[in-house]
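Written below as structure tokens is the structure these notes are about.
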Amino acid sequence: MPIHGEREEPLKVPLLEDIASVKQSPNQQPQQHHEDTEDDQQLSLGKRVGIESKKLWHIVGPAVFSRLANYSMLVITQAFAGHLGDLELAAISIANNVVVGFDFGLLLGMASALETLCGQAYGAKKYYMLGVYMQRSWIVLSICCVLLLPLYLCATPVLKLLGQPSDVAELSGVAAMCMIPLHFSFAFQFPLQRFLQSQLKTGVIAWASLVALLVHAVISWLFVYRFELGVVGTALTINFSWWALVFGLLGYTLCGGCPTTWAGFSTEAFSGLWEFTKLSTSSGVMLCLENWYYRILILMTGNLKNAEIALDALSICMTINGWEMMIPLAFFAGTGVRVANELGAGNGKGAKFATTVSVITSIVIGIFFWLLIMIFHNEIAFIFSSSKAVLEAVNKLSLLLAFTILLNSVQPVLSGVAVGSGWQAYVAYINLGCYYLIGVPLGFLMGWGFHQGVMGIWAGMIFGGTAIQTLILAIITIRCDWEKEAEKANRHVLNWAEAKEEVA
């Protein structure tokens, strides 16, 4: 397979050159770093699992909290909008899920390139390069934000073209305009989070997320009830909380929180931008194809006859899945960091062991939630609705929800392995083929061709797209020669270090 063959990966080489081109000063020692020593190898399997689990949960625990906090901000915004009226709720929901959701997935994916670069740089002890990579990401993502700005400025006509009612499209366009500052906050927040995660400074992310959540709750109450600013005030609240998160993480970084990895602003950030952009784009496409996949599920369901009950039931299931999905996404981040750290340190066995522990841990958690859904399938919808028709529809969909959660306990972890190893471009092609060449057509066939409605659409997209993609990623990961992956990273570092000495 091309991922594990002898040829070099074009996206990884130039960027790892940067890692090797920086000489580490003697006093630059990390606060936390691990190398797989001979003593580690001689430990019993149970102790090794315990050590690796501790490292993994050091990242995963705060990541789960921060993701839940960020997700809760959107839920709070929609809850306040719901108290204003049905039209306001629809407008905020569309602005959040369609307009913001579109570029959120792209920018989040582009920032995940830092999990590869910063993680491997940290493992290779080239700490200075973490700050340079983050600045490059700021530049690339800021340019991308400018290019995506018409999405917000022209939201109303775009939504009308997509078939939204005129009044909803108009108000959604107003809400989207109010969320432009939120849009630009992504360019700074996402790189900051990955910069800190890569060096295991996850506690500060959790604390900053908690403060931002509290700020959001207070601002929402003031704008909606105290100042009575209506849908405009509701849309504006999300800007304050996300920028509070940005300034919190930025203040920690600039004010001495990362002395070994932040050496100030550097002109080096403007070099190698094209190669950095290529890897960022691959990462963005990889995650976007997954993020948009479930939005297509909702759009296809909305085109069914008498789709109101089906949409209500599917929305409840997607909300439950969204909350639980924060755990696998945290494992996505944790696995990417652990694998990148170990490969950067030249420890192929450590990267393989980190992958194994992460996959098994996430599967165990997935089985737990799978059992919860299977046991309480009659009760889970009571949280959201008392309609008998909706309750019955959710009950029918609960089996698919349970298996979706189970699959999602594996797939994001394997994607995290891909990010940590720098395989984003290959996984993007896999996602494109599995999701859009197999999953969507099969969902369409099951939903309309076999007249199975929303169950057919969902089953076709999950078992035709997600399951096949997970199987392919599992095969690639199992067949991976981890020692060769580590050797490639070491070879790049050594070759370019020697080249720099010759030039000097």
The side chain to side chain contact (heavy atoms under 4.5 Å, CB included) partners of S358 (sequence neighbours excluded) come to L56, F331, T335, V413
Value for CZ (F368) from CG (L371), rounded to nearest 0.5 Å, stands at 8.5 Å
The reported gap from OH in Y436 to CE in M461 (rounded to nearest 0.5 angstrom) is 7.5 Å
Is a donor on one side and an acceptor on the other found under 3.5 Å between the side chain of S137 and the backbone of M134? no
* To do: Please report the C-alpha distance between I327 and L68 in whole Å, then the side-chain angles of each, then the deciding distance to 0.1 Å, and finally whether the side-chain contact (heavy atoms from CB on, under 4.5 Å) criterion is met.
  => CA-CA 9 Å; I327 299 174; L68 284 173; over 6 Å; no
Between N239 and A235 the two heavy atoms that sit nearest each other are ND2-O, 4.0 Å
**Asked** Hey, mind stepping through E52 and R338 against salt bridge (charged side-chain N to carboxylate O under 4.0 Å, His left out) and telling me if it holds?
**Response** CA-CA 9 Å; E52 179 58 40; R338 289 293 303 127; 2.9 Å; yes
To the nearest 0.5 Å, atom CD1 of I360 lies from atom OG of S362 at 11.0 Å
Applied to residues 450-476, the salt bridge (Lys or Arg N to Asp or Glu O under 4.0 Å) test, sequence neighbours excluded, yields none
Rounded to the nearest 0.5 Å, the CH2 atom of W370 sits from the OG atom of S409 at a distance of 11.5 Å
S241 side-chain N/O to I238 backbone N/O, donor-acceptor pair under 3.5 Å:
yes
Smallest heavy-atom separation, E485 atom then C480 atom, equals CG-SG, 3.7 Å
(message) Do L213 and I76 have side chains that approach each other closer than 4.5 Å (heavy atoms only, starting at C-beta)?
(response) yes
Heavy-atom closest pair (M446 atom, G460 atom, distance to 0.1 Å) is CG-CA, 4.3 Å
Residues passing the side chain to side chain contact (heavy atoms under 4.5 Å, CB included) test with T237, sequence neighbours excluded, are T77, H216, I219, S220, F223
Step by step, work out the side-chain contact (heavy atoms from CB on, under 4.5 Å) result for L249 and F195. CA-CA 10 Å; L249 298 179; F195 167 78; over 6 Å; no
Interatomic distance, CG@N431 vs OG1@T466, rounded to 0.5 Å, equals 9.5 Å
Shortest non-hydrogen pair, T202 vs H58, comes out as OG1-O, 2.6 Å
**Report entry** F444 vs I457 side-chain heavy atoms within contact, under 4.5 Å
**Finding:** no
Closest non-hydrogen atoms of R194 and S198, given as atom of the first, atom of the second and distance, are O-OG, 2.8 Å
Q: For the residue pair L200 and K55, establish whether any side-chain heavy-atom pair is separated by less than 4.5 Å.
A: no
Q. Does any non-hydrogen side-chain atom of F65 lie less than 4.5 Å from one of I205?
A. no
query: Mind checking whether W482 and N347 have side chains closer than 4.5 Å, heavy atoms only?
result: no
Of all heavy-atom pairs linking V339 and G420, the shortest is CG1-C, 4.1 Å
OG1 of T156 to CG of L161, rounded to nearest 0.5 Å, is 11.0 Å
* Could you go step by step and tell me if I476 and I430 meet the side-chain contact (heavy atoms from CB on, under 4.5 Å) rule? -> CA-CA 11 Å; I476 291 174; I430 293 170; 3.5 Å; yes
Worksheet item: Is any side-chain heavy atom of S280 less than 4.5 Å from a side-chain heavy atom of F276?
Response: yes
Looking at K352 and E483, is there a salt bridge between them, counting it only when a charged N and a carboxylate O are closer than 4.0 Å? no
Distance-only donor-acceptor hits, side chain of residues 168-192, under 3.5 Å, sequence neighbours excluded:
unit_1	atom_1	unit_2	atom_2	d
E170	OE2	K160	NZ	2.7
S172	OG	A91	O	3.3
S172	OG	V168	O	2.8
H183	ND1	D103	OD2	2.5
H183	NE2	C145	O	2.8
S185	OG	L182	O	2.6

- Flag, side chain of Y71 to backbone of S66, donor-acceptor distance under 3.5 Å: no
Taking only distance into account, with no hydrogens and no angle test, what donor-acceptor pairs under 3.5 Å do side-chain atoms of residues 391-405 form with protein atoms, sequence neighbours excluded?
unit_1	atom_1	unit_2	atom_2	d
N395	OD1	H377	ND1	2.5
N395	ND2	N378	OD1	3.1
S398	OG	N395	O	2.6
T404	OG1	L400	O	2.7
T404	OG1	W458	NE1	3.3

**Prompt:** Is any side-chain heavy atom of L329 closer than 4.5 Å to a side-chain heavy atom of M326?
**Reply:** yes
- Query: Tell me, do Y152 and V99 make a side-chain contact under 4.5 Å, heavy atoms counted?
  - Reply: yes
Residues at least two apart in sequence or cross-chain that pass salt bridge (charged side-chain N to carboxylate O under 4.0 Å, His left out) with E324, listed by chain then number, are none
inquiry  = If you apply the rule side-chain contact (heavy atoms from CB on, under 4.5 Å), what do you find for V49 with F353, and how did you get there?
reply    = CA-CA 9 Å; V49 170; F353 190 70; 3.8 Å; yes
